Amino acid sequence: MSVGWETWIGVAALVVALVALVVALVVYLQARRAGRRMGRPARRYGTGLGPREQDGPAERLVAFVANPSKPGVTELRSTLVEACLDAALPEPLWFETTVEDPGRGQALDALAAGADVVVAVGGDGTVRAVAEAMAGSGKAMGILPRGTGNLLARNLDISTASVDDALATVLSGHDRHVDVGRLRVDEFAEEPEPGSEGARDVDHVFLVIAGLGFDAAMVADADPALKSRVGWMAYFFAGVRHLHGRRTRMRIEIDDAPAVETRVRSLMVGNCGLLPGGITLIPDAVIDDGRLDVVAIDARAGLVGWAQVFGEVVMQGIGVSSDNLPARAGRIDTSPARRVVVEVDGTAGEHVQVDGDLLGRARRVTAWVEPGALVVRSA
């Protein structure tokens, strides 16, 4: 039996992807070892002066908005209080999230109590909820990442492994104005359940990536128990089940350009581009450039197309262009945007997610950017 050209292209793309992945891993490990050889000092908690330093008041009130469902978070309280006192700061405020309110209300209470820095202690959902309250406030949001993906922390180079290092960033880092993405579901394919995230008639903040299609279905199917055991790899296992899913016809309107119709596996709107595992999905995405990046991912010919998509992601992450690959069965197309409207063909719609929080199945969404709307304490 002869082997078709599609199979050979898929095999070649998979080999290139694996080689590129090994190269990226080697470069990463070398850079990490180099950093260790430089003898970077262990970061402690600083003086508590923060970015205002000698020109402003030294006593700045810190508030922690903590997700108690994350392992070890409740036990962190005494450590965080002691760290603030050691840094000559007032005793910090402590708020815990609930199922009904994952952080927005607590962050608003912290601001009303006079907090200068409000710290999200939890995963991406907690960070996003706190950011909804903090956007436009002019006050700084800190992050103590304790979740599965910790995507915003990774993109801001905040330690996801060391509480000490992350807390040092909170107490003595610098303030950075970053863009905020917002997404509104204009038309649901099916009415969300009362009280669900998508049922709220509001514009939903996202700081990293919002999406429709494959990526949202992957989030929807990720096993919570598996997430607690293997972390972000649980999303990979969920994604495998959707590799043979159907392509979706979408109508995409970016800024003032004429709308285009296309078939894709996934349509994402990114504010920054680094994913877990050191994977760079959107190389040109910058979190404070005043724009979003619309990413259309398509894969045909089954695993052949997905192999090419994976290879392209890995290669672009290390600065290698794949634009000249012939007969591509999988591709990633990216376009900058300040505003994008997406309409999904058919009555079933597609799953839609914002930073890993599901909103339901949608037929039409609008997303836009608010440049520099959020102040984040970064490294």
Side-chain angles (χ1 to χ4, degrees), residues 42-45 62-86 91-107 109-110 117-134 141-171 173 197 207-209 218-239 274-279 353-358 376-379:
R43 296 182 62 191
R44 294 305 296 167
Y45 303 133
V62 177
F64 295 98
V65 176
N67 182 349
S69 71
K70 297 298 181 181
V73 165
T74 302
E75 292 77 12
L76 271 179
R77 181 174 183 175
S78 59
T79 300
L80 301 178
V81 169
E82 181 181 353
C84 289
L85 296 178
D86 286 347
E91 183 170 342
L93 305 177
W94 182 268
F95 301 87
E96 292 191 351
T97 66
T98 64
V99 174
E100 295 75 21
D101 189 340
R104 183 176 184 273
Q106 294 85 343
D109 289 342
V117 181
V118 180
V119 185
V121 186
D124 293 319
T126 305
V127 171
R128 193 181 73 81
V130 171
E132 281 191 340
M134 300 297 294
M141 181 182 78
I143 303 172
L144 283 181
R146 309 300 295 168
T148 303
N150 303 310
L151 294 180
L152 184 61
R154 295 175 192 275
N155 279 274
L156 292 174
D157 199 27
I158 296 171
S159 176
T160 61
S162 169
V163 172
D164 278 356
D165 284 352
L167 186 56
T169 298
V170 167
L171 298 183
E197 182 71 22
L207 302 170
V208 183
I209 290 177
M218 181 174 61
V219 171
D221 282 355
D223 187 305
L226 190 60
K227 283 171 60 177
S228 66
R229 292 199 302 271
V230 300
W232 63 268
M233 283 296 294
Y235 294 116
F236 170 80
F237 293 121
L274 182 64
L275 302 181
I279 297 172
Q353 60 85 19
V354 285
D355 286 353
D357 286 338
L358 288 167
V376 178
R377 187 62 58 85
S378 61

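It should be emphasised that the depicted structure is a prediction, and the values quoted were computed from it without experimental measurement.
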What's the shortest heavy-atom distance between [X] and [Y], and which atoms?
{"X": "Leu144", "Y": "Ala166", "result": "CD2-CB, 3.5 Å"}
{"X": "Gly122", "Y": "Asn67", "result": "CA-CB, 4.3 Å"}
{"X": "Val62", "Y": "Cys84", "result": "CB-SG, 4.3 Å"}
{"X": "Ala83", "Y": "Leu167", "result": "CB-CD2, 3.4 Å"}
{"X": "Gly103", "Y": "Val130", "result": "O-CG2, 4.1 Å"}

| Are the side chain of Asp124 and the backbone N or O of Leu151 linked by a donor-acceptor pair below 3.5 Å? | yes
Side chain proximity check, [X] to [Y], heavy atoms < 4.5 angstrom:
{"X": "Thr126", "Y": "Val121", "value": "no"}
{"X": "Val208", "Y": "Arg154", "value": "no"}
{"X": "Val376", "Y": "Met141", "value": "yes"}
{"X": "Ser159", "Y": "Thr169", "value": "no"}
{"X": "Arg146", "Y": "Val163", "value": "yes"}
{"X": "Leu80", "Y": "Trp94", "value": "yes"}
{"X": "Ile209", "Y": "Gln353", "value": "yes"}
{"X": "Arg377", "Y": "Ile143", "value": "no"}

